[in-house]
Amino acid sequence: ACKIYNNVSVSNGGGIYSMSDSTIIQNSLIYKNSTQLDGGGIHTGGKLMLINSTVALNTIPNGRNGGGMTVSSGLDSILILNNIFYGNYNDLLGIYLINGKIVAYNNYFCAEDADLTIHRGSGNLFSNSDPFVGVSSNDYTLVNTSNTIGGGITSTTFYGTTYSAPGTDFNGTDRPTPSKTNPDIG
């Protein structure tokens with residue numbers, strides 16, 4: 001688990017820039033990063049697995065793309081599992097697909113991402129309701145009425161490898177809580 005926040009980039013990927021075909025990001029908070037180009041939170045040109053993470057309040061300049069993430073790779077190149085994309089701004093799409101295919105299961109996207117081309121996946125939520133206790137104070141704890149609570153899945157297979165939700169959340173709380181339920185998103 002890690003926090004990637006308050007970074008500024010003059011290139012793509014304000015928080016993370018990845019060209020690797022083996023990047024796994026899980027249990028992470030990626031927030032309040034900015035870039036002068038595309039991909040305020042994340043830019044990937046390789047195969048990326050993003051699992052149980054939150055990508056929030058990242059920014060890009062007007063006229064650029066992907067406040068939360070830009071994807072510029074091939075094939076089924078991106079696995080997005082149990083993540084929250086919220087409040088990434090200065091464009092209409094939190095995720096911008098330049099090239100490649102997105103495989104997305106049980107994620108929380110802003111309503112404007114409803115037209116996002118998802119090659120395979122299910123259980124994704126599209127809403128502009130704030131799922132957090134207090135983003136203005138960097139508290140990304142889920143509000144107890146959020147539909148992201150118990151909204152995740154325990155695992156999925158991608159390129160022949162099974163990827164599972166981590167056993168604890170970002171704060172070290174056992175996941176899922178209560179046991180034998182679905183894990184939370186984010």
Side-chain angles (χ1 to χ4, degrees), residues 1-4 12-30 33 38-56 58 65-66 68-86 88 93-110 113-126 131 142 147-186:
C2 69
K3 290 183 184 181
I4 300 168
N12 293 317
I16 296 172
Y17 177 88
S18 175
M19 297 302 286
S20 170
D21 278 339
S22 59
T23 301
I24 300 173
I25 301 168
Q26 69 180 16
N27 256 8
S28 296
L29 293 173
I30 303 161
N33 299 289
D38 299 323
I42 303 168
H43 172 81
T44 183
K47 192 172 12 168
L48 175 82
M49 286 64 68
L50 184 65
I51 303 168
N52 284 92
S53 294
T54 295
V55 180
N58 298 287
N65 298 300
M69 181 167 74
T70 50
V71 177
S72 179
S73 52
L75 302 174
D76 291 351
S77 48
I78 306 300
L79 171 64
I80 305 174
L81 173 67
N82 297 343
N83 300 284
I84 296 174
F85 286 82
Y86 176 77
N88 298 291
L93 300 174
I95 299 176
Y96 185 74
L97 182 63
I98 298 167
N99 190 25
K101 293 181 180 173
I102 295 174
V103 177
Y105 291 95
N106 297 66
N107 298 282
Y108 184 92
F109 298 110
C110 288
D113 280 320
D115 291 331
L116 178 67
T117 301
I118 297 174
H119 183 65
R120 286 194 325 272
S122 62
N124 296 298
L125 306 171
F126 297 89
L142 299 174
N147 54 0
T148 58
I149 294 176
I153 59 174
T154 55
S155 65
T156 193
T157 301
F158 184 64
Y159 280 111
T161 300
T162 299
Y163 294 93
S164 299
T168 58
D169 67 13
F170 183 82
N171 295 315
T173 304
D174 287 341
R175 177 182 281 153
T177 298
S179 64
K180 298 185 181 180
T181 62
N182 286 338
D184 296 343
I185 295 174

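Looking at I51 and P166, their side chains come closer than 4.5 Å, going by heavy atoms from C-beta outward. Taking 4.5 Å as the limit, every side-chain heavy atom of L81 sits out of range of all side-chain heavy atoms of L50. By the 4.5 Å heavy-atom criterion applied to side chains, L97 and I102 are counted as neighbours. Side chains of L29 and S53 form no contact here, defined as non-hydrogen atoms less than 4.5 Å apart. Within the 4.5 Å cutoff, the side chain of F109 has no heavy atoms near those of the I84 side chain. Inter-residue side-chain proximity for L79 and Y163 is flagged as met; some heavy-atom pair is nearer than 4.5 Å. Looking at T156 and V103, their side chains never come closer than 4.5 Å, going by heavy atoms from C-beta outward. Side-chain contact between I185 and L125: present, with at least one pair of heavy atoms (C-beta onward) separated by less than 4.5 Å.
For the 3.5 Å distance criterion, the side chains of S20 and S18 fail to qualify, holding no donor opposite an acceptor.
The distance from atom CE of M69 to atom OG1 of T44, rounded to the nearest 0.5 Å, is 7.5 Å. Taking OH from Y96 and OG from S72, the interatomic distance works out to 10.0 Å, rounded to the nearest 0.5 Å. A distance of 9.0 Å separates CG of D115 from CZ of F126, quoted to the nearest 0.5 Å. Interatomic distance, OH of Y108 versus CG of N106, reported as 14.5 Å (0.5 Å rounding). Rounding to the nearest 0.5 Å places CG of N58 at 5.0 Å from CG of N33. Between the SG atom in C110 and the CZ atom in F85 there is a gap of 10.0 Å [rounded to 0.5 Å].
Applying the side chain to side chain donor-acceptor pair (under 3.5 Å) rule to pairs touching residues 169-182 yields N27-R175, sequence neighbours excluded.
Residues that satisfy the side chain to side chain contact (heavy atoms under 4.5 Å, CB included) test with N12, not counting sequence neighbours, are Y17, L37, D38, H43.
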Using the side-chain contact (heavy atoms from CB on, under 4.5 Å) rule, take T54 and N83 through it: C-alpha gap first, then chi angles, then the decisive distance, then the call. CA-CA 6 Å; T54 295; N83 300 284; over 6 Å; no
Start with the C-alpha gap between V71 and N99, add the side-chain angles, then the distance that decides, and say whether side-chain contact (heavy atoms from CB on, under 4.5 Å) holds. CA-CA 6 Å; V71 177; N99 190 25; over 6 Å; no
Criterion side-chain contact (heavy atoms from CB on, under 4.5 Å) on I80 and M49, from CA distance to verdict: CA-CA 6 Å; I80 305 174; M49 286 64 68; over 6 Å; no
What's the verdict on side-chain contact (heavy atoms from CB on, under 4.5 Å) for S122 and Y105, showing C-alpha distance, side-chain angles and the deciding distance? CA-CA 5 Å; S122 62; Y105 291 95; 3.8 Å; yes
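Distance alone, capped at 3.5 Å, places no donor-acceptor pair between the N88 side chain and the G41 backbone. With hydrogens and angles disregarded, a donor-acceptor distance shorter than 3.5 Å links the side chain of D184 to the backbone of G150.
Annotation for S164 and S155: closest pair OG-CB, 3.5 Å, computed over non-hydrogen atoms. The two residues G46 and S73 make their nearest non-hydrogen contact at O-OG, 3.5 Å.
Applying the side chain to side chain donor-acceptor pair (under 3.5 Å) test between N107 and each of D113, N124, N82 identifies N124 as the sole match.
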